[in-house]
Protein chains: 2
Amino acid sequence: MTRHLDDAKASLRRMIYDGLYKAGEPLREVQVAERLGVSRTLARLAMAELETDGLLLREPNRGCRVRAFSAREVADAIRVRGELEGMAARLAAERGLSRAERADWEAVLARGDALLDSGRQDKAARTDWIAMNADFHAAVLAAADNAALVAACQRVSAMPLASPDAILFDAPTVDGGGAAATRRALAAAHRDHHEVFRAVAAREGERAAWLMREHARRSAETKARLLGDRTGYSRLSALPGGKLVRPAFG
Amino acid sequence: MTRHLDDAKASLRRMIYDGLYKAGEPLREVQVAERLGVSRTLARLAMAELETDGLLLREPNRGCRVRAFSAREVADAIRVRGELEGMAARLAAERGLSRAERADWEAVLARGDALLDSGRQDKAARTDWIAMNADFHAAVLAAADNAALVAACQRVSAMPLASPDAILFDAPTVDGGGAAATRRALAAAHRDHHEVFRAVAAREGERAAWLMREHARRSAETKARLLGDRTGYSRLSALPGGKLVRPAFG
DNA sequence: CGACGCAATATTGAATGCAATTAACAGTCG
DNA sequence: CGACTGTTAATTGCATTCAATATTGCGTCG
């Protein structure tokens, strides 16, 4: 992959996430190329990559369509991610953390603590949170020292909303809405992070795996609750409340 | 993906598996195109896909090289596959098998029994065995009813030797060689199949998962023993004994 | 009036050609 | 004699062009 292709792919991904193309709507190569400001070749390659990422569906000689993900599919993907991350936690616990890994991990946890303590809710805080969260999940995978596991996890995280980066801020909830609920959810998630770390550090492999799976499962349930039962969607910005924020995505 | 591209990709894959390109050796687009009998465009696309499959490594502006897989990497991938298939078995057990699924599964098991009972060791028998084995693993995944799980499993199986299809027949072993040892290994594997099925049918989820993980682990250990400790290889036909047979691969 | 078939058009699929980047080599200077 | 730089050859990256396939609209026939 070269620079231009990466750019085109990222831009197209963003376009889809932003709902420029509705689910089921065909992506015409010429139009995509125009909007991306590149040639048809690059547009085509970008579409091919997003297809392998599972974001687009291709019918031979009929082009690509944006794939719609049901709440069920997202939940399924998150369960798989949880299983893989759980395996990573178990492997990490069995292997034991090096001094450096332990320090890195604790630094990430401290960043999360600081963010929660600050009480900030602005956009920068959200970006920081997403970065912290991503770093935590990456640390778990790295500590497992299994390249195939990392690759598999990245793949399953390619689905919109299935990635740990995909956090729904300020979406309305049944138990009262908005900022306070979000804050509670983030605090709970970060407690999970601490617990996973303690279990791994204590070499409690199976328990670490269980905690990690539960962490993913909670995230899946939260998202399912927020997204409702609609069977298909891809325009994330059109979700209930329209206040979805996923700045660090893609 | 269109027909020509699929063909080109499969052919190139086979070329690499057959050792036409050694590990680390660069794949020049023009040469690949010539050997495939297609244009540079298709060769390029095929290479791009094999890159995403993890079979090739690409350095920007410097093309692709065949990736060498260490015995460790193969073992890691198989462990991940085992975890995913174990998850599938657990989900299948929790969900319960439909009448049709149960029948399909039993038919696959019966095919394996018949093959073992026949005592055949010819090439056709091997092909049949590989097909039966693939069907069994596919049945486990299908019974889990989780699309993301299937996709993740397919991905991790893309690595050479990591797929359940990749069976080493007649490779020399430490405990006496060849046909008899292979026969014992296949019989043991098929006992695993039966046990997994019984556990799933009995709704024993965690036990089914464990059995499936162990099934994969055994396969990984067998391969590791056969492959030895060499740190890098990709020319499968050049493995010890040179009697490797993997007809249904790719 | 509806259904089928044919032609025109639009869209994807593949190949060739051109530009940009990189590696290798020779020549020159220190 | 070794290191550096300018130049050349080779290779990838991208754009354009040509060909194949599917879709749509219209006309005709039942």
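In this text the structure is predicted, and so the values were computed from the model without any measurement. By convention in this document, chain letters (A, B, ...) are assigned in the order of the sequence lines, proteins followed by strands, and residues within each chain are numbered from 1.
Judged purely by atom type and a 3.5 angstrom limit, B/K223 has no side-chain atom pairing as donor or acceptor with the backbone of B/V74. Using modelled atom types, no side-chain atom of A/S219 and backbone atom of A/H215 make a donor-acceptor pair closer than 3.5 Å.
Summarising the geometry, the separation between CG on B/N61 and P on C/dA23 is reported as 8 Å, rounded to the nearest angstrom. Distance, A/L56 CG to C/dT12 P: 12 Å, rounded to whole Å. B/L45 has its CG atom 8 Å from the P atom of C/dA14, to the nearest Å. In this structure, A/R40 places its CZ atom 14 Å from P of C/dA10, rounding to the nearest Å. The interatomic distance linking B/D6 (CG) with C/dG13 (C1') rounds to 13 Å, in whole Å. If you measure from atom NE2 of A/H4 to atom P of C/dA19, you get 16 Å, rounded to the nearest angstrom. Nucleotide D/dG13 holds its C1' atom 17 Å from the NZ atom of A/K9, rounded to whole Å.
Not counting sequence neighbours, A/N146 has no partner by the side chain to side chain donor-acceptor pair (under 3.5 Å) test.
For the atom pair CG (B/D122) and OG1 (B/T127), the distance works out to 8.5 Å, reported to the nearest 0.5 Å.
Two residues are said to be in side-chain contact when any heavy atoms from C-beta on lie closer than 4.5 Å; B/L36 and B/L42 fail this criterion.
For A/S39, taking side-chain heavy atoms from C-beta onward, the closest of the listed nucleotides D/dG13, C/dG13, D/dC14 is D/dC14. Taking only side-chain atoms of B/L42, from C-beta outward, the nucleotide of D/dT12, C/dA15, D/dC14 with the closest atom is C/dA15.
Contact annotation: B/R44 does not reach the phosphate of C/dT16 (side-chain N/O to OP1 or OP2, under 4.0 Å). Residue A/R62 places at least one side-chain N or O under 4.0 Å from the OP1 or OP2 atom of D/dT23. Regarding contacts with the backbone of D/dG13, a side-chain N or O of B/R58 is found under 4.0 angstrom from either OP1 or OP2.
Residues from residues 25-37 of chain A that place a heavy atom under 4.0 Å from any atom of DNA chain D: there are none.
Between A/A152 and B/V80, the closest heavy-atom pair is CB-CG1, 4.2 Å.
The base of D/dA15 sits within donor-acceptor range of the side chain of A/T41, with an N or O pair under 3.5 Å.
Positionally, the nearest nucleotide of DNA chain D for B/G63 lies more toward the 5' end than for the other of A/V38 and B/G63.
Contact check on A/R72 versus B/D145 returns a salt bridge, with a Lys/Arg side-chain nitrogen under 4.0 Å from an Asp/Glu carboxylate oxygen.
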